[in-house]
Structure formats: C-alpha cells, structure tokens
Amino acid sequence: MLSYIRGYYTIIIEGIGIEQFLNHLKRNGICVYDVKRIKNTSLEFKVDRRDLKGVKELYRGSNFEIKIKQKTGIPFLAKRIYKYKAMWICAIISLAFLMGTSQFVTDVYIQTPEGIKKEELRKEFSKAGVRPGVYKKSIDRKEVRDTIMSKFDDVAYVSINVKGTNIFVTVTKKAESLKSTDDSNYCNIIALKNGIIEKVIPRSGRQIVQKGDIVQKGAVLLNGSNNRAIPEVWASTFYESKKSANYINMKKTKTGEKKKVRTYMFYDKKLTFRKKIKYRDYIVENSEKKLSIGNYTFPLKIRTSIFYETKDVKVKKNQQELKKELSKKALKELEYMIPVSARIVDVKHSYKINKNILEYVITVQTSENIAKVYPLSKAEAEKLIKEQNKPKEDEEGQEEIPSNPEKRPINDIRNEFEEQDKEKDKNNDNKDVEN
C-alpha cells in the first residue's frame with residue numbers, strides 16, 4: 001500500500017551476472033523487492049520511484065540491458081490526469097452541471113381522489129409555477145395552494161412536498177356533505193352575461209340589483225331564491241360582430257419583357273443554360289417537349305421556362321359591394337351568437353377604413369333574461385337561512401315568523417330546523433313531568 005502511495009517502477013534486466021548487479025544495488029542502499037526470474041539471463045524486480053535515479057547512475061557503464069516495464073502508483077496517476085487537462089476540466093464542469101440541475105424540478109407527481117380531473121389540476125399547477133424545469137426555491141407553496149383552492153371548489157386542501165428534484169402533490173377532496181346540492185332547494189341567481197338591468201321579477205329570494213344597474217357576468221343578482229320559483233332578470237345586452245377585408249388588391253401584370261431558359265434532361269442528368277434574370281418581379285411558365293418516333297420515346301426531354309417581368313397594379317373593389325358582402329357575413333355570425341329567446345331592440349351598422357382594409361361592424365342591442373341558477377349546498381343554505389332569521393336591530397327580542405310556512409316545499413331545510421326545535425321542546429316537557 002505504501003509503495004502504491006509513493007509510486008514504484010517494474011524493471012526488467014537482461015544480461016550475464018545480473019545477480020551481482022542486484023547485490024551492487026543493495027550495497028548502495030537501493031531497496032529492491034518482488035524479484036522474479038523470467039529466464040536464465042533476465043530478472044524482473046520493483047524499485048521505489050525515488051530510487052530510480054540511483055539505479056540509472058549505477059547502470060552507467062555496465063553490460064546489462066534495462067527497461068521499465070510499468071509505472072504504478074498515485075504520483076503517476078496524478079501526472080496522467082494533469083496531462084489530460086480536457087478530461088479533468090470536463091469532469092469539473094460535469095460536476096458543477098450536476099449540482100446545478102439538482103436545484104431544478106424534474107418531475108411533478110400529483111395524487112388526486114376520484115372525482116377531480118388530474119389533467120386540469122396539472123394545467124393549473126403549471127400556470128402557478130409548479131412544473132418541470134422550475135427553480136425549486138422559487139415556488140411559493142402557500143400562494144400555489146391558495147390559487148388551486150380558489151379555482152377548484154371540490155378541493156379542501158393541497159399538500160406540496162419537495163423531495164430531491166421531484167415534487168409530490170396530494171389533493172384532499174371536500175366532504176360530500178359540504179358540497180352536495182341534493183338536499184337543498186335554495187339557489188342564488190347570478191348574471192349569465194354582462195348587461196344593463198331593465199326589470200327584475202323577484203318570485204323568491206332577496207333582490208340585490210335595481211333597474212339601471214350595470215352588471216358583469218357572474219355577479220349575484222338575487223340571494224336565497226327557491227329553485228321552484230326562479231326569478232327573472234331582464235337586461236339590455238349587446239352583441240358585436242366585426243368583419244374586415246382588403247378593398248385594394250395588388251395584381252401582377254406582364255410588362256412585355258421576357259427571357260427563356262432551357263433545360264436538357266437525359267435520364268437523371270440535367271443541363272441548364274442559364275441567363276441572368278434581372279427582373280425584380282416575375283412569373284414563370286414551364287413547358288416540356290419529348291422526342292419520340294412511333295411508340296419509341298427517346299430519353300431526352302427539353303424543358304423551356306419563360307420568365308415574364310411583372311409589375312404590381314392596384315385594383316380597387318367596389319366599396320358598396322364589399323360592405324354588403326361583409327354585412328352578410330357579420331349578420332350570419334350574429335345569428336349564432338344571439339339566443340332565440342332574446343328580443344332584438346336595435347341594430348347599428350358602422351364601418352371604417354384603415355389603409356387598405358375596410359372593417360365593417362354590426363352592433364345589436366337585445367333584451368333578454370340573464371338569470372342563471374347557482375345551486376347552494378346544504379351547508380351554504382343553512383348559513384344563508386341563519387343570517388336571514390337573525391333579528392334586526394330595531395326588532396330585538398322578536399322572532400321573525402316566515403310567511404306561509406304551510407306552503408313550503410317538503411324538502412325545505414327550514415322544516416328540519418323546526419322539527420329539531422319541536423323535539424327539544426318535547427324532551428324538556430318529559431323531563432318536567434318526571435321531576
């Protein structure tokens with residue numbers, strides 16, 4: 001082991017009386033070990049790297065043949081590595097690259113329960129910055145968690161764990177009892193699209209918007225409506241269709257100048273006699289001739305290419321005809337956009353010309369019912385009813401009595417509250433009797 005650390009040479013010596021030479025080395029303080037006889041006139045032995053200089057000095061003037069068979073040890077290995085600079089430079093670069101890539105995400109594993117689409121979740125995680133190739137320390141887990149939970153109503157919690165270069169995401173689904181709408185007959189009325197409120201027919205629920213209010217898509221119009229008496233909210237809505245086209249086209253016309261280029265083809269060989277084509281704009285017309293006698297066709301073909309010089313000429317279209325054409329296209333598009341139930345109030349036509357483009361715009365004002373039902377879960381309905389049943393400041397101590405309680409739907413959850421109260425009263429009466 002020490003010899004390997006210091007380094008040693010394996011030497012072969014040939015000649016007559018080589019044993020005397022080994023004794024001479026020993027007398028001069030040179031350590032010789034692992035001596036092996038190869039032939040009658042040759043020996044193999046090992047000496048330390050530091051003793052090679054002494055061996056060379058004692059060898060001078062002798063009749064022996066000495067050659068170094070092998071160099072072994074750490075010093076020689078280090079020298080070889082230093083000699084091949086490109087190798088250790090590449091090794092350092094590879095190590096630095098490996099350490100650098102370990103700071104980036106290679107894979108994202110998402111575990112989702114049944115009922116939540118993994119592909120949609122993966123797209124949202126990618127938008128939020130959780131995707132392969134992202135620097136690990138740049139991921140804000142709280143921000144990503146809040147983003148996902150705000151976009152997916154079914155998600156109760158999102159766990160994000162980073163292990164090595166992989167990210168493991170575990171999604172927890174909300175309990176069915178918190179999001180089920182089967183046992184609730186309450187809903188909110190939200191806006192199906194943008195519009196200006198014309199009138200509200202509140203058959204049930206609490207009205208939030210008034211006539212003349214401007215609402216956006218998704219805004220709440222009525223709270224706590226009953227899905228057996230859906231309100232109507234009529235609003236002015238607007239639809240727009242834009243169509244555009246070039247009313248000035250550029251047409252290429254021949255100037256009368258032309259040049260011919262012939263190409264002779266014999267089997268797969270081609271020979272072209274080219275002329276310099278200095279035309280800036282041109283069109284090419286090709287024609288081909290074959291030589292034949294009777295049914296025999298010679299393998300020689302002549303292709304003639306004629307280059308015609310051209311110039312661009314502006315051709316204007318009739319604006320009135322172009323307007324009619326664009327108007328038909330815009331109206332056809334509006335037929336698909338406007339629902340059948342909407343009543344058309346006003347139609348406005350306008351157009352504008354920008355450079356060579358004519359843009360035609362049709363704006364249609366309609367009146368339609370924009371009420372959209374947003375079902376409430378049982379938990380949400382209970383919360384809404386409790387808020388509605390809270391006594392007002394000027395009516396503290398007085399219980400709010402619902403109107404027409406006998407006409408409530410069978411599955412109205414207010415009935416459940418009343419049944420619970422009646423059971424409590426019965427239990428209290430039984431206790432009093434026992435006492």
Side-chain angles (χ1 to χ4, degrees), residues 83-94 96-98 100-101 104 106-107 119 122-123 126-127 131-134 240-337 350-362:
K83 185 178 178 181
Y84 298 104
K85 293 181 180 179
M87 182 178 70
W88 57 264
I89 289 173
C90 290
I92 293 172
I93 293 173
S94 300
F97 179 74
L98 183 63
T101 53
F104 294 86
T106 54
D107 287 301
E119 292 303 320
R122 190 176 293 278
K123 288 180 182 178
S126 180
K127 291 178 183 177
R131 58 182 180 274
V134 174
E240 186 178 81
S241 178
K242 294 181 181 180
K243 296 295 176 183
S244 58
N246 288 328
Y247 78 95
I248 297 179
N249 290 333
M250 303 301 291
K251 185 179 179 182
K252 292 183 179 292
T253 57
K254 297 178 181 178
T255 61
E257 297 291 329
K258 63 180 181 179
K259 285 187 178 181
K260 292 183 179 181
V261 175
R262 288 188 174 88
T263 302
Y264 297 90
M265 295 177 288
F266 184 76
Y267 290 109
D268 294 335
K269 303 287 180 81
K270 293 182 180 181
L271 179 63
T272 303
F273 294 96
R274 297 186 181 275
K275 291 183 180 180
K276 290 185 179 180
I277 310 299
K278 297 182 179 180
Y279 304 146
R280 184 175 179 181
D281 296 319
Y282 58 85
I283 57 175
V284 184
E285 293 181 1
N286 295 316
S287 60
E288 192 174 282
K289 291 183 180 179
K290 297 180 182 179
L291 298 178
S292 60
I293 298 176
N295 293 329
Y296 180 77
T297 301
F298 290 94
L300 179 65
K301 299 177 185 177
I302 302 172
R303 180 184 294 167
T304 304
S305 301
I306 304 175
F307 292 79
Y308 294 95
E309 184 185 19
T310 61
K311 63 179 180 180
D312 292 333
V313 178
K314 292 183 179 180
V315 178
K316 290 187 177 181
K317 293 183 180 179
N318 189 317
Q319 284 192 14
Q320 297 300 325
E321 292 180 358
L322 186 59
K323 287 178 191 177
K324 288 181 181 178
E325 182 182 344
L326 294 177
S327 175
K328 288 180 180 178
K329 291 181 179 178
L331 289 172
K332 190 172 183 180
E333 184 179 3
L334 286 168
E335 286 180 4
Y336 293 98
M337 293 170 61
S350 63
Y351 73 94
K352 61 180 178 180
I353 297 173
N354 184 12
K355 294 182 180 180
N356 297 335
I357 298 174
L358 187 147
E359 185 180 71
Y360 199 88
V361 183
I362 299 179

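Residues take their numbers from the sequence shown, with the count starting at 1.
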*Asks:* Using a 3.5 Å cut-off and no angle test, enumerate the donor-acceptor pairs between side-chain atoms of residues 326-337 and protein atoms at least two apart in sequence or in another chain.
*Replies:*
unit_1: E333; atom_1: OE1; unit_2: S241; atom_2: OG; d: 2.8
unit_1: E333; atom_1: OE1; unit_2: K243; atom_2: NZ; d: 3.1

*Asks:* Nearest 0.5 angstrom please: M265 CE to R303 CZ, how far?
*Replies:* 4.0 Å
*Asks:* Rounded to the nearest 0.5 Å, what separates atom CG in N286 from atom CD1 in I306?
*Replies:* 9.0 Å
*Asks:* Rounded at 0.5 Å granularity, tell me how far CD1 in I283 sits from NZ in K252.
*Replies:* 8.5 Å
*Asks:* Under the rule for side-chain contact (heavy atoms from CB on, under 4.5 Å), what residues qualify as partners of K127, not counting sequence neighbours?
*Replies:* E124
*Asks:* Among all residues two or more places apart in sequence or in another chain, which pass the ring-ring contact (aromatic ring centres under 6.0 Å, His included) test with F104?
*Replies:* Y135
*Asks:* Who are the ring-ring contact (aromatic ring centres under 6.0 Å, His included) partners of Y282, not counting sequence neighbours?
*Replies:* F307
*Asks:* Out of curiosity, R131 CZ to S126 OG, how far, rounded to the nearest 0.5 Å?
*Replies:* 5.0 Å
*Asks:* Kindly state each residue pair satisfying side chain to side chain donor-acceptor pair (under 3.5 Å) with at least one member in residues 255-265, sequence neighbours excluded.
*Replies:* T255-E309, T263-T272
*Asks:* Between atom CG of D281 and atom NZ of K311, what is the distance when rounded to the nearest 0.5 Å?
*Replies:* 12.0 Å
*Asks:* Check side-chain contact (heavy atoms from CB on, under 4.5 Å) between E119 and all other residues, then give those that pass, not counting sequence neighbours.
*Replies:* none
